[in-house]
Amino acid sequence: MMNYDLIYNFEILPPQKFCGVRMAHIMFFCMAFLFCFSSLAFAQVKESDLTVQFQEAGISYKVKDYKKAIQKYEGIVKTGWGNGALFYNLGNSYFKDNQLGKAILNYERARRLIPRDPDLNSNYRYAISRMKTPESFLPQSFLGRLMNHYTDFFTLNELTSMMFFFFFLTGIYYFLGLFFRWPPKVQICGILLCCSLLFLHGFILMDKIKRQKNLAVVLINTSTKFEPIPGATTHFEMPPGWKVKILTKEGDWLKVKRLDGKVGWLKASAVERI
Amino acid sequence: MKFLRTLIFIFLVSFLHFVSVVSYAEDLSFEASVNINKVPLGETVQLTLTFKGAKPDHPPEIPPVEGIEARYLGPSTSITIINGQSSTRRSYIFTLFPQKTGKFRIHPISVQLAGKTFVSQPIDIEVVDSHASALSPSVNDQGSSTGTSIKDRIFLTIETPRKEFYENEKIPLTIKLYINGLALQDVQYPQFSREGLTVDDFSQTKQYEQVVGGIRYQVVEFTTNVYSTRTGDLKLGPATLVCNFVFRNNDQRRFPSSDFDHFFDDDFFSGFLNSYQKRTITLSSVDLPVKILPLPQEGKPNNFSKAVGKFSFEASASPSEVAVGDPVTLKMSVQGEGNLQAVTLPFLKAEEGFKTYDPQIKEENGTKILEQVIIPKTDQTTEIPALSFAYFDPETKAYQTIVRGPFPLKVKKDETKDEFKVVGFNQTKAPKSPPSVEELGRDILFIKEQPGKFSRLDTRLYRSPFFILSWFLLSLVWVGLAVFCNWKKRIRTDMGYARRLQAPKKARRGMEAAQDFLKVDQPKEFYDTVYKTLQEYLGDKFHLPSAGVTLETIGEEFRKCQMDKDILEKVTAVFHQCDMVRYASFKINIGQMTENFQQLREIIDYLERKLR
């Protein structure tokens, strides 16, 4: 049997209004405005500081005080802000300081932000050529190489924007077709083309994200072992600058996979994630 | 056209020539068969003499059988081409008329063909009393009642080549499904008890024809291999097979219930005339006793590992020249006739001067492969010890041992211990010393002096809430616009829908006007407006021309939509009141007008809720 004593009557108060607008709405918009304004101001202050620090590091580089330049550039990176030029300069500084692994690591980071920069690509290729042993890769098909070339040409954000653009274009094309009463064949072909481009770029984006995930660069000459034990047998050795994919972590050890598919264990301090 | 005809003629002549040439080239054979070998008196038996590869000049003669009269029906030729291989069959068909009951034998028929004499097998025929056979279960594909049981027309057998096998020896098992003149569908693989057995997958099924006891059967042959893991007497089978039997529904009288209740229910056959129906049947073979012998203890090698059959064993080691600490891969493979799953391959133990790793074992294309990485501990090592593989050969009934190795190995001291080295990389391809910057005249390009715009390093557009929200909003906009466009299109093209949509708006305007007339007490104008409003509303709602809205049409529509009768009465009352005032100058008071207005409101409210 139901207990009717538990039913209460609530008085619902009308919402408080100012000039016909609810107070809660006014307060929400005020807070949102203040938040945006404060973050904008913070960003402006931050950016000017970072620019000064960037230029100071550049002066240190010019007077060949590479260690100081590295220190200043790394200081900017630690703030969580950066751009392609910062990593490019940091890579140059490490290169001049004879730290090839770190140089390649920072060039790789810069390539993720400014992949079409000719200076960066030139320095990156040169740094690669300075490795004692060239990196070995698994053989790739022509289509795979073409896909990689296309993928490397754009940043993640550019690929994301392109995907958004093709999504926008698909909708626009559909409504233009309706508005101008295009023949169904023209409509379907156009929409199929837009959708194909949309899905192709979605696939490329996913592939790029997958390839970049857990990628690291070897910083020093390191022995890769069969087991994650200090006295374990060496499986192979890797010079600085080689790229590896981190598979798992066990204590101080990382299980890594070389780009040619060989797998081994190495000390976590020997590599750094890109 | 003439050219085409000539071409077809040439093609046909060439084809027939090809067939005749091929037919003479193939093996010759002769056999005699009957369609049934148990028949009631009054029925006939069909005797077929089949020649494969060649044909006699005239039909062979049947040896006379007392009590059976034979008549020659005619010849029949069939050409079969399978995978480019052609075969020709010439059949001579005779009809046998039994004159009395009893058992009869058609003696072997002798035929001279291409200089050889072929003799058929004798065929026994039993002729039974037609009254007695009517009481016994029987079936015939022609629909006539005969003395042949369905069990003689479809059955399952299980066979092995021998009756004695050794433990773990491969036992080839053949299960045959014999079918004589019945239509089967969805034949499944046979099942049998696997207790104490290891069973391979069934190989590709074979289909062919076979004459058994003078009757020609279609045979479906299933083959597999089984391995017994225990010794002693073993029963293989019984094998069971499930399939669908297709038959004509009007043949139900052919299946009396006595023996085949589990196949055919009476209810099942009632209903459809002359239609084909399917019935699932389960066939079962007899079991097959075999004896599993234990492996002899005499001469049994120490390293014997349950491999029974005939095998070949290969082993290799590479590279043959290494430094201390470098890995060497030891590869072994075994292939042959036998249970590969039970075969254990030899591998190197740790105490034999090598550091060893667990072997990797795989099985592919009937070969078992083992790969083991071993590392020589010292430069004193000169060889990898020999590896031996032992198996029992059931043909010779003796153990065999295959030895491979020892494998010579040159181990150098690890002089390059402190140098940079990559295992698996060809050192000769690597540059000996990297060219210096000065030699190449190259260096890195200068730093960038202007930083450009800074941004958060951990932000990714595809992960940002702004992007996800934009994507979501754009999706909403596209979906919303698509729905809107389709709605507009529907309004343009679907007149009924457009009218239904407009009906309440128009009714609201009409009711407002009527209310104005009600306030100023103008009955005639009020009822004019009410009539028009209700007529237009009902016309729009039921997609009728306004002039065609009568009580009859509205009543019909209300019945179709299963409307409340009260509402129809209210509609009738309002229309009646309107007619009274408009045409009969009926005197009416304000209370009546208000009541009619309320009725109008109720009608529209009800229809809006009901016809939403």
Side-chain angles (χ1 to χ4, degrees), chain A residues 43 46-47 50-51 54-55 57-58 61-62 69 76-77 80-86 88-89 91-93 95-96 103 118-120 122-123 126-127 129-134 136 156-157 159-161 163-164 167-168 170-171 174-175 178 205 209 221 226 233-239 260 262, chain B residues 325-327 355 357 373 375 414 416-427 429-437 440 442-464 467-468 470-471 474-475 477-482 484-486 488-489:
Chain A
K46 189 104 191 169
E47 189 145 1
L50 296 175
T51 307
F54 183 88
Q55 282 165 350
Y61 182 91
K62 280 177 196 169
I76 301 173
V77 174
W81 292 77
N83 55 22
L86 171 69
Y88 168 81
N89 286 4
N92 275 10
S93 306
F95 187 87
K96 288 287 184 186
D119 290 1
L120 169 65
S122 170
N123 285 4
Y126 184 57
S129 75
R130 292 292 304 273
M131 284 199 295
K132 283 183 183 172
T133 311
S136 50
L156 276 179
N157 287 353
L159 283 171
T160 312
S161 306
M163 240 182 92
F164 190 79
F167 183 51
F168 182 76
T170 308
Y174 172 70
F175 290 112
L178 282 183
L205 178 69
I209 291 167
N221 267 327
F226 276 102
T233 310
T234 300
H235 188 15
F236 51 84
E237 297 202 17
M238 286 196 294
D260 61 356
K262 286 200 170 184
Chain B
D326 279 357
K355 181 171 184 176
Y357 290 89
V373 174
I375 296 172
D414 191 8
T416 59
K417 197 172 181 181
D418 298 327
E419 289 179 10
F420 168 73
K421 174 168 70 68
V422 177
V423 175
F425 175 72
N426 190 353
Q427 288 287 340
K429 285 181 184 173
K432 283 176 184 172
S433 59
S436 65
V437 176
L440 281 173
R442 277 191 67 188
D443 201 347
I444 54 168
L445 299 171
F446 195 56
I447 55 168
K448 295 184 187 297
E449 295 190 65
Q450 291 303 321
K453 193 170 163 50
F454 283 97
S455 59
R456 290 286 314 173
L457 289 171
D458 53 355
T459 51
R460 295 278 180 279
L461 186 58
Y462 69 89
R463 283 195 304 223
S464 77
F467 173 76
I468 294 165
S470 306
W471 192 275
L474 191 62
S475 307
V477 168
W478 285 161
V479 171
L481 278 173
F484 178 74
C485 287
N486 279 327
K488 291 292 280 182
K489 189 181 174 186

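Quick note on labels: first sequence line is chain A, next is B, and so on, each numbered from 1.
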Which atoms of A:Phe226 come close to chain B, meaning under 4.5 Å heavy atom to heavy atom: side chain ones, backbone ones, both, or neither?
-> side chain
Any idea which of A:Asp119, A:Leu120, A:Asn89, A:Val77 has the most non-hydrogen atom pairs under 4.5 angstrom with chain B?
-> A:Asn89
For B:Phe467 against B:Leu461, the heavy-atom pair lying closest together | CB-O, 3.0 Å
So which part of A:Leu159 gets closer than 4.5 Å to some heavy atom of chain B, the side chain, the backbone, both or neither?
-> neither
Of A:Gly58, A:Gly80, A:Gly91, the largest count of non-hydrogen pairs under 4.5 angstrom with chain B goes to A:Gly80
Please report the closest heavy-atom contact between A:Ala57 and A:Ala69, naming both atoms and the distance.
-> O-CB, 3.5 Å
Give, as side chain, backbone, both or neither, the part of A:Phe167 having an atom under 4.5 angstrom from any heavy atom of chain B.
-> both
Does the side chain of A:Phe95 reach to within under 4.5 Å of the side chain of A:Asn123, using non-hydrogen atoms?
-> no
Which atoms of A:Ile209 come close to chain B, meaning under 4.5 Å heavy atom to heavy atom: side chain ones, backbone ones, both, or neither?
-> side chain
Taking side chain as C-beta onward, heavy atoms only, is A:Lys96 less than 4.5 Å from B:Asp443?
-> yes
Considering only heavy atoms, which portion of A:Phe54 lies under 4.5 Å from any heavy atom of chain B: side chain, backbone, both, or neither?
-> side chain
Per-residue contact mode, A:Thr170 against chain B (heavy atom under 4.5 angstrom) = neither
Could you tell me the separation between the CG atom of A:Leu86 and the NZ atom of B:Lys448, rounded to the nearest 0.5 Å?
-> 12.0 Å
Among A:Ser161, A:Gly82, A:Gly171, which has the most heavy-atom pairs under 4.5 Å with chain B?
-> A:Gly82
Shortest non-hydrogen contact from A:Leu205 to A:Met163?
-> CD2-SD, 3.8 Å
So does A:Phe164 have more than 12 non-hydrogen atoms from other groups sitting under 6.0 Å from CZ?
-> yes
Separation of B:Leu481 CG from B:Asn486 CG (nearest 0.5 Å) = 11.0 Å
Under 4.5 Å to a heavy atom of chain A? For B:Lys453 that would be both
With chain B, which of A:Leu156, A:Thr233, A:Asp260 has the greatest number of heavy-atom pairs at distances under 4.5 Å?
-> A:Thr233
Check each atom of B:Ser475 against the heavy atoms of chain A and say whether the ones under 4.5 Å are side chain, backbone, both or neither.
-> both
